[in-house]
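These notes concern the structure reproduced below.
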Amino acid sequence: MTVTNGVVNDTFIPPVTQDTMSFSFDLASAYHQTKAPDNSYYPAYKIWARVTPDYNPGTGVTVNWRAATVTQLAKVTTLPTGPSKISGSFTVQNNDKPGDRWRLQVSTEPFPVAGTPSPTATTPPTEWTDVKTFTVTAATRVTNVGIDPNPVVLKGATDVGFSATIEKFGGETLKQVRALHPSSGEYYSLGTSLEGDDKSYYNFVTMGTDAPAGDWQIKFTITRGSKTYAFTKGFKVSKTASAPTKAKSKITMSISPTKVKKGKSIKVYGKVYRGVKSWGVWKKKVLKLYFKKKGTKSWKFVGYVGANNSGKYSKTIKPKYDGYYRMAATATSLTKSSYSPYKLVDVR
């Protein structure tokens with residue numbers, strides 16, 4: 001038996017209870033060379049595979065093998081001219097240990113006659129051939145998930161901050177973060193950027209009193225290899241009985257340019273709106289501009305910016321550091337507060 005080109009995919013411990021790793025290899029002379037009575041070429045072998053996370057021969061330590069699933073070859077009408085690709089998979093547990101002593105092996109039992117439907121044995125033979133020794137890395141983790149405040153009590157437009165540590169071990173991508181109300185499907189989208197250490201996450205949403213009360217969750221969706229995993233943590237949202245009925249507000253914000261040399265100016269501009277049944281401009285509203293330096297968690301007040309009769313505002317500033325800007329409209333007795341989306345400025 002000649003085995004070549006062994007490949008094992010997604011070689012990392014799963015963050016969930018268990019998952020699978022897939023594998024493939026090439027097997028030479030996998031078919032009988034003569035046709036069977038039904039004019040087909042039949043596989044020459046039944047194929048078995050096994051894997052261990054602790055292959056360490058010569059130490060006296062017992063090697064714990066686990067059976068793998070193999071997709072058996074099917075009969076064909078044209079005889080393959082080269083090796084046949086064999087594929088399969090095996091189960092990996094969350095409590096398995098990462099390391100470089102994982103090994104995949106294969107064994108075969110010959111079909112005695114071309115066209116025989118199966119070998120007589122129900123257990124694999126005792127002779128095994130190495131396919132691949134490979135390294136399995138640690139699991140992706142989302143830890144230290146924080147919600148501030150928790151529980152959330154909506155008394156008007158309320159800022160809710162979310163933080164976490166994303167433990168990355170190779171190739172992970174934070175694809176999506178949402179503050180989600182599972183029973184209704186309503187959600188707030190959050191950014192997917194990490195702080196300067198490439199593992200700390202911080203973001204916030206402004207939840208209005210129109211957000212549904214009850215059980216919410218922060219949901220992190222992460223891809224690694226061909227796999228996608230979701231990490232969630234729940235939190236409660238409630239409302240005060242005396243929350244006033246006010247007009248809503250919203251702010252648009254743009255920054256130009258978003259990449260600037262130190263000492264040069266940027267322009268922050270946009271428009272502020274208020275409304276109950278339909279949006280109108282919020283005339284002469286005085287807004288607050290805030291800045292959060294990249295890699296930190298605190299927003300700092302920068303200054304006031306006034307809107308004109310058309311609700312438009314603009315301000316020119318000279319940024320000193322990389323960071324995020326956002327605009328705030330404070331509440332009045334008739335109108336709710338709101339924040340603009342935040343924008344990143346890269347100072348070079």
Distance-only side-chain donor-acceptor flag, [X] / [Y], under 3.5 Å:
X	Y	value
Ser249	Ser338	yes
Thr135	Asp100	no
Ser40	Lys35	no
Thr133	Arg103	yes
Ser226	Asp10	yes
Thr335	Arg274	yes
Glu172	Thr140	yes

Exercise for review: Run through Thr221, Thr228, Thr223 and flag the one making a side-chain contact (heavy atoms from CB on, under 4.5 Å) with Thr173.
Suggested key: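 It is Thr223, the one option of Thr221, Thr228, Thr223 that forms the side-chain contact (heavy atoms from CB on, under 4.5 Å) with Thr173.
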Does [X] reach the side chain of [Y], with side-chain heavy atoms less than 4.5 Å apart?
X	Y	value
Pro53	Val136	no
Met253	Tyr313	yes
Val237	His181	no
Thr143	Glu167	yes
Ile47	Leu27	yes
Val268	Met327	yes
Lys250	Trp279	yes
Met207	Leu154	yes

Exercise for review: Verify side-chain hydrogen bond (donor to acceptor under 3.5 Å, both in side chains) between Asn94 and Thr17, making sure each step is shown before the conclusion.
Suggested key: CA-CA 5 Å; Asn94 179 249; Thr17 302; over 6 Å; no
Would [X] pass as a cation-pi partner of [Y], given that its NZ or CZ must be under 6.0 Å from the six-membered ring centre and within 45 degrees of the axis?
X	Y	value
Arg101	Tyr55	no
Arg224	Phe12	yes
Lys267	Tyr269	yes
Lys236	Trp216	no
Lys46	Trp48	yes

Salt bridge flag under 4.0 Å for residues [X] and [Y]:
X	Y	value
Lys292	Asp322	no
Lys75	Asp38	yes
Lys85	Asp26	yes

Distance from [X] atom [atom1] to [Y] atom [atom2], nearest 0.5 Å?
X	Y	atom1	atom2	result
Asp346	Ile266	CG	CD1	11.0 Å
Ile13	Asp19	CD1	CG	10.5 Å
Lys261	Arg348	NZ	CZ	10.0 Å
Ile166	Asn144	CD1	CG	10.0 Å
Asn9	Ser24	CG	OG	6.5 Å
Tyr229	Ile222	OH	CD1	11.0 Å

Is it true that [X] and [Y] have ring centroids separated by less than 6.0 Å?
X	Y	value
Tyr342	Tyr324	yes
Tyr31	Phe111	no
Tyr325	Phe291	yes

Practice item. Look at the aromatic rings of Tyr201 and Phe220 and report parallel, tilted or perpendicular, splitting at 30° and 60°. Key: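 Tyr201 vs Phe220 ring planes: perpendicular.
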Review point. Would one find more than 12 heavy atoms of other residues, nucleotides or ligands at under 6.0 Å from atom NZ of Lys248?
Key: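 Counting neighbours around NZ of Lys248, 12 or fewer heavy atoms of other residues, nucleotides or ligands fall under 6.0 Å, so no.
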Review point. Hey, is NZ on Lys168 packed in by over 12 heavy atoms from elsewhere, all under 6.0 Å?
Key: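 Yes - once you tally the heavy atoms of other residues, nucleotides and ligands closer than 6.0 Å, there are more than 12.
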Point to revise | side-chain hydrogen bond (donor to acceptor under 3.5 Å, both in side chains), paired with Gln105, selected from Thr52, Asp130, Thr129 | key: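 The residue from Thr52, Asp130, Thr129 that satisfies side-chain hydrogen bond (donor to acceptor under 3.5 Å, both in side chains) with Gln105 turns out to be Asp130.
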Exercise for review: Evaluate ring-ring contact (aromatic ring centres under 6.0 Å, His included) for Phe162 paired with Tyr188, printing each intermediate quantity in order.
Suggested key: CA-CA 12 Å; Phe162 301 95; Tyr188 294 89; 9.0 Å; no
Point to revise | Verdict with reasoning, Tyr290 to Lys300, per side chain to side chain contact (heavy atoms under 4.5 Å, CB included) | key: CA-CA 5 Å; Tyr290 288 90; Lys300 305 294 185 182; over 6 Å; no
Practice item. Grab the two heavy atoms, one from Pro98 and one from Thr137, that are nearest each other, plus how far apart they are. Key: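 Minimum heavy-atom contact is CB-C, 3.7 Å.
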Point to revise | Residue pair Leu334, Thr332: steps toward the side chain to side chain contact (heavy atoms under 4.5 Å, CB included) verdict | key: CA-CA 5 Å; Leu334 299 177; Thr332 68; 4.2 Å; yes
Point to revise | Verdict with supporting geometry, Val281 and Lys271, side chain to side chain contact (heavy atoms under 4.5 Å, CB included) | key: CA-CA 8 Å; Val281 298; Lys271 198 168 183 179; 3.4 Å; yes
Review point. Is there a donor-acceptor pair closer than 3.5 Å between any side-chain N or O of Ser340 and the backbone N or O of Arg326?
Key: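 No, Ser340 side chain to Arg326 backbone: no donor-acceptor pair under 3.5 Å.
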Exercise for review: Any chance you could lay out the side chain to side chain contact (heavy atoms under 4.5 Å, CB included) test for Asp54 and Asn64, step after step, and finish with the verdict?
Suggested key: CA-CA 7 Å; Asp54 52 8; Asn64 298 305; 3.5 Å; yes
